[in-house]
There are 2 protein chains.
Amino acid sequence: MTTIKDIAKAAGVSVTTVSRALNGYFDVNEKTKQKILAVAKELNYSPNTLARGLVMKKSKTIGLLVSGMSKENIKDNFTFEVLCGINETASALGYDLILFNTNTTKQREKTYTQLCRERRVDGAIVQGIRKDDPYLKEILESDIPCVLIDIPIQTDSVGYVTTDNVLGAKKAIEHLIQLGHKNIGMINGHEGAYVSEERLKGYIEKLTEYNLPVNKEWIVDGAFEEATSESVTYKLLEENKDMDALFCASDVMALGALKACHKLGKTVPDDISIVGYDNITLASYCLPPLTTIGQEVYKIGSEAADLLIKMLEEDPTDLCRYVDTNLIIRDSTTKN
Amino acid sequence: MTTIKDIAKAAGVSVTTVSRALNGYFDVNEKTKQKILAVAKELNYSPNTLARGLVMKKSKTIGLLVSGMSKENIKDNFTFEVLCGINETASALGYDLILFNTNTTKQREKTYTQLCRERRVDGAIVQGIRKDDPYLKEILESDIPCVLIDIPIQTDSVGYVTTDNVLGAKKAIEHLIQLGHKNIGMINGHEGAYVSEERLKGYIEKLTEYNLPVNKEWIVDGAFEEATSESVTYKLLEENKDMDALFCASDVMALGALKACHKLGKTVPDDISIVGYDNITLASYCLPPLTTIGQEVYKIGSEAADLLIKMLEEDPTDLCRYVDTNLIIRDSTTKN
DNA sequence: GTGAAAGCGCTAACAA
DNA sequence: TTGTTAGCGCTTTCAC
């Protein structure tokens, strides 16, 4: 494999000059530069980023800590869409991505800091970890630049990209209230998720705004899973016969709720309206197509990459970015 | 950041000894070893993989060349599922993944070899590139260990993981024939895909096996896209009123075909049976749920990672692996 | 069982 | 404008 040493020898100059020419410095004679470039091309040279990273203490690499990459999460294209957004933006800005898997026990043996330092990543993007994940604590204590997705916590070295989940939930509930619904239950995710906390907040605030009662028994967790959601919905509707609408904190859970309704012989939306969250691909294909809160997931990813790289290169003052949500009305909601 | 030098100083030994102790060599006194390990832990040491990679000429990194990571491909969870499989297996075996994006022009400036060599990846896994992609030629000419997904070409350093697409297509057609269909059209992908070639082969062979005529006009390309498929299906069915079944080389295209049928006022499956390919998540949710050829996509990914790592560490003789397919019968096919 | 020294490929003072 | 030299953090002969 060709090194700058080889080029230096072939071009009859020193390695320093080669390095400078290759890196586009201006203090090198145009002629020598051309010569060096020619030799480099001829010898089919590729720079060794490991060596460069070693001396520069920069790797032009972003570490990706993603929890939703296991078999179970395949239905949910949220993770993938975020990934796509990160990938395109990062690569457009000259950074490569390195994937850390937080599921396998193998990786869990290492701490977040170890993961990042071993690979000498310049920064990290973290998606899908829970509030109580030990990694989160570490991330916040570490000084490695990091962007959190959907976790609105900021430190000197940690920023975040998220949507306004309170507002998103409010849009959903507003829609249901406008349709005349008064007994609105909620299938939330789980305690480990900030988005759950916020969507619940939006739900409560909007009900309160309309002087509708907030009933604790009407709020249950569905673990962001279809099956769990199905079973809790079943129970919820059995115990509250007058419930006329359901707000689910994710489309996947709305799918479960749909199944439960079907089994109970309830027609959606005539007997009960359902609003989901996320606007996953399935949302427009299921029966009935889901009214839901859409997020520009791809944009969340690309904003995250953009923010992190800005943090690495320009240290911006604002480390928080919000991406829009919008209510998408389909056929799972109707007038009461 | 702690280095082995720091450890050496703190433990009162040489860097050599530290290196040996940390790497679990046996020619180091148990006591010194324990001392070194203790110091390392206390100083919160993380090895620098860049430095190690530089001297060892191995990076324990696998390069991922994936084309299906753009906005358009989000519906299709094939790519993501492959990714998940690769990720879990690679990380279980101690390898990290580095993502190369082949879409952005930025990356296209570099050749495959450059991409791999710059990052000093030990090997690469390539998914979703076309037969005529210049990268493919390079991959086959290069001696970088590589596993191709769904491209059955082998060289000394290149292996592949795929399914038997001829057989898969045959299963689909067999099913349709058993249901009494005789006028079976095919929406294929495009010329750039090996899987298209093979699925077409399976289609033709099975028809021939039953002495059914193979009609060139009945075979059209849908570019693996929903919209394209919809428009070609429209035309196909208009021009061939007696067509009673359709075999689509992907579920996404089957979705398009479904739409076309709907617009033409044809009921699936009563007027026309449709079989897809891939068993994407949507397949079981669309209307009617699709009969399709399922692939263990996750397994394709994990096999690819496993094969590549075997190639890196043990150089196996067999560089080809096949993953099963199976016919999944849902409601888009019925007796004629 | 342990250490000194060389070197992986690169960048960056500092000199010339 | 160019070259000399040191050093990034690590592994690995080779000698003791």
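Proteins come first, then strands; the chains are lettered A, B, ... in the order of their sequence lines, and each starts at number 1.
- Regarding contacts with the backbone of D/dG9, a side-chain N or O of A/Lys57 is found under 4.0 angstrom from either OP1 or OP2.
- Contact annotation for B/Thr49: no contact, since no heavy-atom pair falls under 4.0 Å across all strands.
- Dashed line: the shortest gap from a side-chain N or O of B/Thr16 to OP1 or OP2 of C/dG3 is not under 4.0 Å.
- Put simply, B/Thr17 has no side-chain N or O that comes within less than 4.0 Å of OP1 or OP2 on C/dT2.
- In this structure, B/Leu22 places its CG atom 13 Å from P of D/dT12, rounding to the nearest Å.
- Within 6.0 Å of CG on A/Asp156 lie no more than 12 heavy atoms contributed by other residues, nucleotides or ligands.
- Dashed line: the shortest gap from a side-chain N or O of B/Asn23 to OP1 or OP2 of D/dT11 is under 4.0 Å.
- When the P atom of C/dC10 is taken as reference, atom CG of B/Leu54 falls 9 Å away, rounded to whole Å.
- Closest contact between the side chain of B/Val13 and the listed nucleotides D/dC10, C/dG3, D/dT1 involves C/dG3.
- Here A/Ser19 reaches the OP1 or OP2 of C/dT11: one of its side-chain N or O atoms lies under 4.0 Å away.
- Residues B/Glu303 and B/Val323 form a side-chain contact, since some pair of their non-hydrogen atoms from C-beta on lies under 4.5 Å apart.
- Between A/Arg130 and A/Glu197 no salt bridge is recorded (no basic side-chain N to carboxylate O distance below 4.0 Å).
- More than 12 non-hydrogen atoms from other residues, nucleotides or ligands lie less than 6.0 angstrom from CD of A/Gln154.
- No donor-acceptor contact under 3.5 Å links the side chain of B/Arg120 to the base of C/dG9.
- Residue B/Lys58 contributes atom NZ, which lies 14 Å from atom C1' of C/dC8 at whole-angstrom precision.
- Using modelled atom types and a 3.5 Å distance limit, the side chains of B/Glu138 and B/Thr113 yield a donor-acceptor pair.
- With the nearest nucleotide of DNA chain C identified for both B/Phe26 and B/Met56, B/Phe26 has the one nearer the 5' end.
- Near DNA chain D, meaning a heavy atom under 4.0 Å from it, residues 1-10 of chain A has no residue at all.
- As rounded to whole Å, 15 Å separates atom C1' of D/dG9 from atom CZ of A/Arg119.
- Using a 4.5 Å heavy-atom threshold, the side chains of B/Met69 and B/Phe80 count as separate.
- Side-chain contact annotation: B/Asp96 with B/Thr61, donor-acceptor N/O pair under 3.5 Å absent.
- A/Asp27 comes within 4.0 angstrom of a base, heavy atoms only.
- Nearest nucleotide to the B/Asn48 side chain, out of D/dT1, C/dG3, D/dC10: D/dC10.
- Distance, A/Tyr45 OH to C/dG9 P: 10 Å, rounded to whole Å.
- Taking only side-chain nitrogens and oxygens, B/Tyr25 never comes nearer than 4.0 Å to OP1 or OP2 of C/dT2.
- For the pair B/Glu118 CD and C/dC8 P, the interatomic distance rounds to 20 Å; values are reported in whole Å.
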